[in-house]
Structures are given as C-alpha cells and as structure tokens.
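Just so you know, ligand 1 is whichever comes first in the structure, and atom 1 is the first atom listed for that ligand.
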Amino acid sequence: MTSFLPYGRQSVTDDDVAAVVAALRSDWLTTGPQVAAFEADLSAWAGGAGVATVCNGTAALHVAYAAAGVGPGDEVIVPPMTFVATASSAAALGARIVFADVEEETFTLDPAAVSAATTDRTKVVAAVDYAGHPADYDALRAALHGSDALLLADAAHSIGAGYRGRPVGSLADLTTFSFFPTKNMTTAEGGAVATGDPRLLTRARRFRNIGLVRERDELRWPDEGGWHQEVHDFGLNYRLPDVLCALGRSQLRRLGDFLARRAELVARYDEALADLPGVRTPGRRDWATPAWHLYPIRVLDGRRREVYDRMRAAGIGVQVNYLPVHWHPAFADLGYRRGSCPVAEAFYAQQLSLPLYPGLRDVDQERVVDALTSALRGVPVRPAA
Ligand SMILES: *Cc1c(COP(=O)(O)O)cnc(C)c1O
C-alpha cells in the first residue's frame with residue numbers, strides 16, 4: 001500500500017512545536033511580542049517594507065484593498081488565473097472587478113492587457129505571482145503611467161522570490177502573503193500585508209484591528225480619559241495571534257531551505273519531463289528568481305481531465321490551479337463571460353499541478369513521474385456517449 005501524495009503540504013519540525021508551546025505558556029496568546037517580532041522578520045524578507053500580519057491571505061487582500069481606499073464606484077484590475085480571493089475580497093468592498101488576461105509562459109498579469117483595461121476609475125491593479133513566479137512589475141508599473149492606481153502584488157505563492165534582484169514585498173505599493181499550510185511557509189491560517197508607504201501601513205494596521213485609533217495626537221476627543229480609543233474608519237478583527245506568529249518565526253528560519261528544496265524538485269521535474277510527449281513544463285523569465293509554490297504543467301491534446309483522473313486513482317494528489325475566476329457563478333451571475341480572457345482560459349483547460357513540497361522525497365517524485373508517464377501512455381478514455 002503506497003501513500004497518497006498531496007500536491008502541497010506543510011513541513012513542521014520539533015522546533016516549530018517548541019516555539020508554539022513556548023508562546024502558549026507565555027503571558028500572551030494573541031497580540032504580544034511575537035507579533036511585532038514576526039513582522040520584523042517578515043520585513044527582512046520583504047526588502048525592509050513595513051509589515052502587518054493578519055489571520056489569513058484573504059484577510060490580507062481585504063486589508064490591502066481597504067488601505068488603498070477601494071470602495072463602490074472603483075475598479076480593480078485582476079488576472080483570472082488566481083485563487084478567487086484576489087478578486088472577491090475587492091468585490092466585498094463594493095469595487096467592480098475588471099479581469100485582464102495573463103501572459104503566455106508565466107501566466108501572470110499581462111501589462112498590455114492592464115494598459116487596455118485601465119480607466120480613470122481604476123483604483124488598484126492586482127498582480128499575482130502565479131506558482132511563485134513574479135509578475136513583470138516594471139512593465140506593470142509602466143502600464144499604469146499617468147494613472148493614480150496603486151499596484152498590489154498578491155504574493156500568496158511567492159514569499160522569498162526575486163525580481164531583477166529585488167525581493168517580492170518591495171515591488172508593488174502593497175504586497176499580500178498567505179501562510180496557509182500548502183504555501184511556501186505556514187502559520188496554519190495566516191497572512192500579512194507589506195508596504196513601503198507608512199500611510200498605507202497605518203491604514204492596514206487599523207483595518208485589521210477594528211479601525212481603532214489610539215494615537216493621542218489623532219484622537220478627536222483626546223481628553224476623554226486614559227481608556228479612550230476611537231474608530232474613524234470601520235475595520236474588522238483580522239489579527240494573527242502570538243501563538244501563530246511564534247510558529248511563523250520558526251518557519252521563516254527554514255524558508256531558505258524550503259525554497260532551495262522546492263527549486264531542486266522543480267529542476268528534477270524539468271529534466272524528467274523535458275522529453276515526455278504530451279506535456280509542457282512551466283516557463284520562466286530570466287529576470288525571475290521564482291519561489292516555486294506550484295509545479296504547473298500543461299497536458300496537451302485535451303487529455304488533462306483523463307490524466308487528472310488516472311493520477312488521482314494512482315494516489316497522486318494532482319490539483320488544478322485555477323478555475324478562471326470570472327467563471328465562478330458569483331461572477332457569471334454579474335454578467336462576466338467565458339471567452340473574455342482567452343490565454344488564461346486555454347491554460348486552465350490544460351493545467352495540472354504536480355506534488356511539490358519540501359518533504360517530497362526523490363523516490364516520491366519518481367513515483368509522480370512514473371504515474372504521469374503511464375497516464376499519458378494509457379489508451380485515452382473516451383467520454384461516455
Ligand atoms: C491561498 C491564496 C490566497 C488566500 O489565502 P488564504 O490564506 O487561503 O486565505 C489568495 N491568493 C492566492 C493567489 C492564493 O493562492
């Protein structure tokens with residue numbers, strides 16, 4: 001009996017467990033010293049940007065859009081090749097989502113599509129570092145020339161990646177991270193917002209903490225009393241607890257090792273699959289240092305569904321990332337049409353994520369390659385008439 005290999009999973013050691021236990025035994029369970037320490041550690045990975053931790057990656061997006069001032073009447077440009085939260089968190093603030101197609105090879109937001117989609121109502125352009133490969137931030141910035149829109153990086157896949165020698169976290173006006181267990185590092189649930197703009201950082205910190213203002217020089221009624229705090233703009237409780245920040249700090253110490261093992265597995269997949277007919281391996285730009293979160297292959301000849309089913313039956317937890325966001329019924333019901341983003345939609349029809357995580361052993365990976373090879377050799381299963 002061979003074990004099931006998921007497409008992604010966490011790597012938790014005794015050190016992580018000890019860090020969590022120590023935080024549990026401390027005086028602080030929620031906002032305590034581990035929060036500020038984790039934010040400082042993350043800042044070091046994000047090129048010195050200010051960081052606000054939050055309780056998950058979706059909350060990070062919601063906080064970032066709120067900090068950017070997104071509201072009804074605003075447009076937010078998003079690529080369809082992402083997890084739905086990149087778009088739905090802005091829709092939740094009342095924005096109109098404008099989907100702009102992705103580039104061939106990297107399947108990140110296409111700067112030319114952004115130019116075409118930008119209007120005077122565009123508030124934020126949200127790029128996604130799909131699979132851990134950074135979007136083309138300089139070209140996206142150039143595409144926004146003459147617009148007041150902010151650039152957001154959804155870096156849920158790409159903490160630790162680099163773009164032209166600069167770290168993810170320092171490339172956009174706002175960057176969001178997710179620490180869900182399948183991502184490049186975990187806090188169970190968790191996320192963060194990074195920004196180099198102190199005003200955006202303050203707005204992000206306040207939104208994550210119910211909108212509470214405590215700074216005396218900003219209070220409307222500063223003489224109310226020592227207990228006094230005020231809400232000027234509505235926020236939510238999106239705080240990440242001390243216990244989970246302790247786990248995050250411990251994980252972050254191994255992020256470099258995690259990324260090195262992911263890169264090694266990616267190189268091994270690239271080599272093993274280079275001459276396999278019927279599939280294409282992921283592309284990359286020479287200016288990118290990806291932090292590979294996914295290994296997204298393309299299965300040609302209309303055989304993705306069949307290969308998915310065969311590999312699942314063989315105990316390989318392949319995944320499809322992602323259904324084009326505008327295909328979700330919530331967007332379809334608003335009138336978004338299939339066919340509007342042909343590059344992303346053609347990619348979706350072929351996409352398959354192979355298992356990729358630091359604990360994946362070489363022998364496990366060989367099993368994945370063998371299962372893929374036999375799935376492709378299999379007589380194509382014809383759909384029932
Ligand atoms: C995982 C993910 C999110 C959401 O993060 P959660 O922590 O699961 O809420 C957002 N965007 C992308 C691209 C993701 O992969």
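The protein heavy-atom contact nearest to atom 3 (C) of ligand 1 is Phe83 CD2, 3.6 Å. Nearest protein heavy-atom neighbour of atom 15 (O) of ligand 1: His157 NE2, 2.8 Å.
For Thr58, a nitrogen or oxygen atom sits less than 3.5 Å from a nitrogen or oxygen atom of ligand 1, counting backbone and side chain alike. Here's the thing with Asp154: one of its N/O atoms is less than 3.5 angstrom from an N/O atom of ligand 1. The N/O atoms of Gly57, backbone and side chain alike, include one that comes under 3.5 Å of an N/O atom in ligand 1.
Between Asp270 and Arg284 a salt bridge is recorded (basic side-chain N to carboxylate O distance below 4.0 Å).
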After noting the C-alpha distance and the side-chain angles of Asp370 and Arg310, does the key distance pass the salt bridge (charged side-chain N to carboxylate O under 4.0 Å, His left out) rule?
-> CA-CA 12 Å; Asp370 288 348; Arg310 285 180 189 275; over 6 Å; no
Stepwise ring-ring contact (aromatic ring centres under 6.0 Å, His included) check, His232 with Trp221 | CA-CA 12 Å; His232 298 177; Trp221 295 298; 8.6 Å; no
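Remark: ligand 1 atoms within the under-4.0 Å shell around heavy atoms of Lys183 are 1 (C), 2 (C), 3 (C), 5 (O), 14 (C), 15 (O). Close approach of ligand 1 to Thr86 (heavy-atom distance below 4.0 Å) involves ligand atoms 11 (N). Of all the atoms in ligand 1, the ones that sit under 4.0 Å from a non-hydrogen atom of Ala156 are 2 (C), 11 (N), 12 (C), 13 (C), 14 (C), 15 (O). The Tyr322 neighbourhood of ligand 1 comprises atoms 15 (O), with distances under 4.0 Å to a heavy atom of that residue. For ligand 1, the atoms closer than 4.0 angstrom to any heavy atom of Thr82 are 13 (C). Heavy-atom proximity to Ser178, at under 4.0 Å, picks out these atoms of ligand 1: 1 (C), 5 (O), 6 (P), 7 (O).
For Phe347, the ring-ring contact (aromatic ring centres under 6.0 Å, His included) partners are Phe107, Tyr130, not counting sequence neighbours. Partners of Tyr336 by ring-ring contact (aromatic ring centres under 6.0 Å, His included), not counting sequence neighbours, listed by chain and number: Phe99, Phe331.
By the criterion of a heavy-atom distance under 4.0 Å, neither the backbone nor the side chain of Phe177 is placed next to ligand 1. Counting heavy atoms under 4.0 Å from ligand 1, residue Glu189 does not touch it at all.
Val128 and Phe83 end up in different hydrophobic clusters when Ile, Leu, Val, Met, Phe, Trp and Tyr side chains are linked at under 4.5 Å.
The two residues Ala155 and Val168 come nearest to each other via the heavy atoms CB-CG1, 3.5 Å.
Counting only N and O atoms by type, the side chains of Arg249 and Gln34 include a donor and acceptor under 3.5 Å apart. Of the N and O atoms on the side chains of Asp242 and Thr30, not one donor lies less than 3.5 Å from an acceptor on the other residue.
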